[in-house]
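Below, chains carry the letters A, B, ... as their sequence lines are ordered, and counting in each starts from 1.
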2 protein chains.
Amino acid sequence: MENSEKKFADSENCPVRNVLDRFGDKWSTLVLLVLDDTKVLRFNEIHKMIDTISQKMLAVTLKSLEADGLVLRTQYPEIPPRVEYTLSERGASLIPHIKSLVQWANANFEAITQSRAAYKK
Amino acid sequence: MENSEKKFADSENCPVRNVLDRFGDKWSTLVLLVLDDTKVLRFNEIHKMIDTISQKMLAVTLKSLEADGLVLRTQYPEIPPRVEYTLSERGASLIPHIKSLVQWANANFEAITQSRAAYKK
DNA sequence: TTATTAACTTACTTTTGGTAAGTCAAAGAT
DNA sequence: ATCTTTGACTTACCAAAAGTAAGTTAATAA
């Protein structure tokens with residue numbers, strides 16, 4: 001009995017599951033794209049660019065991206081505080097892969113929208 | 001005043017936002033990968049391969065993938081029922097882009113895990 | 001003295017996802 | 001004839017994740 005049927009089970013040890021758990025959240029990928037687009041951004045600047053994200057979720061998203069070593073956080077000892085976010089090298093290395101997905105998205109956006117509308121049930 | 005700061009706002013009309021909203025759910029991408037891996041699968045077979053997904057979420061995930069035209073559903077008029085799922089052409093065209101992400105995941109899995117452990121705060 | 005500012009937290013509510021049981025219709029077992 | 005099994009789901013209820021709004025901090029400006 002082969003267990004090819006278990007290839008994706010067990011998210012602890014499966015890199016695929018692990019990374020999908022990581023980026024299958026609502027905001028991480030978008031934040032990375034925004035940082036790639038503008039290189040250096042402060043908290044409130046990111047918040048303006050993605051205006052539907054809540055401050056709370058932006059805070060936790062940035063924190064987990066930082067924990068994963070994808071984003072660098074630089075804090076200046078001033079008041080009011082100033083904090084700058086940038087992609088790390090590792091974060092930057094992810095971008096081309098995300099952009100390849102984005103290209104597909106742009107190419108298929110219309111067709112998908114139409115399928116969705118036609119599906120209606 | 002330029003509004004480059006609004007490039008990613010408004011998820012209705014932004015293909016990037018739209019597609020990330022679509023795949024920023026917990027299961028869609030995994031289901032696509034599993035279907036790519038085995039080509040034709042029945043409901044319960046997918047459920048076994050991704051054993052942590054609930055039947056409920058597998059059902060809604062498959063339904064939305066079908067609505068988007070990424071997955072094809074074939075129902076045989078038998079009892080007990082038999083339903084087969086496959087990738088559509090459109091779904092198949094997405095796979096290479098997802099796999100490029102997966103490769104990155106495999107390559108960076110260890111380093112990320114270590115960063116996470118070191119972060120601890 | 002009070003307002004302002006940036007980068008967050010905190011308390012509370014809503015949405016999304018998980019769990020377990022139920023449905024449907026026929027074939028096979030008792 | 002009634003009971004059980006089977007596969008692909010629903011449904012009702014509960015827990016976890018995300019959204020909302022208000023609060024915190026410390027210095028400078030009004």
Side-chain angles (χ1 to χ4, degrees), chain A residues 5 8-12 17-18 20-31 34-35 38 40-68 71-86 119 121, chain B residues 5 8-12 17-18 20-31 34-35 38 40-68 71-86 119 121:
Chain A
E5 49 171 41
F8 298 99
D10 179 16
S11 62
E12 294 290 306
R17 291 295 302 277
N18 201 284
L20 290 180
D21 283 356
R22 179 70 193 70
F23 296 101
D25 74 345
K26 215 171 164 184
W27 300 112
S28 295
T29 314
L30 236 201
V31 168
V34 163
L35 281 173
T38 312
V40 180
L41 284 170
R42 301 175 65 175
F43 189 92
N44 282 335
E45 292 173 334
I46 303 177
H47 191 232
K48 269 171 220 152
M49 293 181 77
I50 312 177
D51 57 359
T52 52
I53 195 175
S54 63
Q55 288 187 317
K56 174 187 162 185
M57 287 316 296
L58 181 52
V60 324
T61 301
L62 285 170
K63 213 170 268 182
S64 72
L65 289 173
E66 196 198 347
D68 284 5
V71 158
L72 266 25
R73 190 192 118 111
T74 314
Q75 177 173 334
Y76 298 88
E78 308 170 0
I79 282 176
R82 180 160 61 102
V83 177
E84 291 183 344
Y85 293 95
T86 330
Y119 188 74
K121 196 173 9 176
Chain B
E5 49 171 41
F8 298 99
D10 179 17
S11 63
E12 293 290 307
R17 290 295 301 279
N18 201 283
L20 290 180
D21 282 357
R22 179 71 193 69
F23 295 101
D25 74 342
K26 215 172 163 182
W27 300 112
S28 294
T29 312
L30 235 203
V31 168
V34 164
L35 281 174
T38 313
V40 179
L41 284 170
R42 302 176 66 174
F43 187 93
N44 282 336
E45 291 173 334
I46 303 177
H47 191 232
K48 267 171 220 151
M49 294 181 79
I50 312 177
D51 57 359
T52 51
I53 196 175
S54 62
Q55 288 187 316
K56 173 187 164 184
M57 287 316 297
L58 180 54
V60 324
T61 302
L62 285 170
K63 214 170 269 184
S64 70
L65 290 173
E66 196 198 346
D68 284 6
V71 158
L72 266 24
R73 189 192 119 111
T74 313
Q75 179 173 335
Y76 297 87
E78 307 171 1
I79 284 177
R82 180 160 60 102
V83 176
E84 292 182 343
Y85 293 95
T86 329
Y119 187 75
K121 196 171 8 175

Where protein sits on nucleotides 15-30 of chain C, one letter per nucleotide: B base, S sugar-phosphate only, - none, heavy atoms under 4.0 Å: --BBB-B---BS----

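- Helix-axis bend for the helix from C:dT1-D:dA30 to C:dT30-D:dA1: the local axis fitted to the five terminal pairs at one end deviates from that at the other end by 40°, rounded to 10°.
- A close approach under 4.0 Å does not occur between any side-chain nitrogen or oxygen of A:R82 and OP1 or OP2 of C:dA7.
- Applying the side chain to side chain donor-acceptor pair (under 3.5 Å) criterion to A:E84, with sequence neighbours excluded, gives A:Y76, A:R82.
- Remark: B:D25 pairs with no residue by the salt bridge (charged side-chain N to carboxylate O under 4.0 Å, His left out) rule, at least two apart or across chains.
- The residue from A:T86, A:I46, A:L72, A:L30 that alone fulfils the side-chain contact (heavy atoms from CB on, under 4.5 Å) condition with A:L35 is A:I46.
- Going from atom CD of A:E45 over to atom C1' of C:dC8 covers 16 Å, rounded to whole Å.
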Considering only distance and modelled atom types, tabulate donor-acceptor pairs under 3.5 Å from the side chains of residues 53-63 of chain A, sequence neighbours left out.
{"unit_1": "A:S54", "atom_1": "OG", "unit_2": "A:M57", "atom_2": "N", "d": "3.2"}
{"unit_1": "A:T61", "atom_1": "OG1", "unit_2": "A:M57", "atom_2": "O", "d": "2.6"}

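- With rounding to the nearest 0.5 Å, the separation of CD in A:E45 from OH in A:Y85 is 12.0 Å.
- The side chain of A:Y85 places no N or O atom within less than 4.0 Å of a non-bridging phosphate oxygen (OP1 or OP2) of C:dA6.
- A nucleotide of DNA chain D counts as in contact with chain A when one of its atoms lies under 4.0 Å from a heavy atom; the first and last such, 5' to 3', are D:dA18 to D:dA27.
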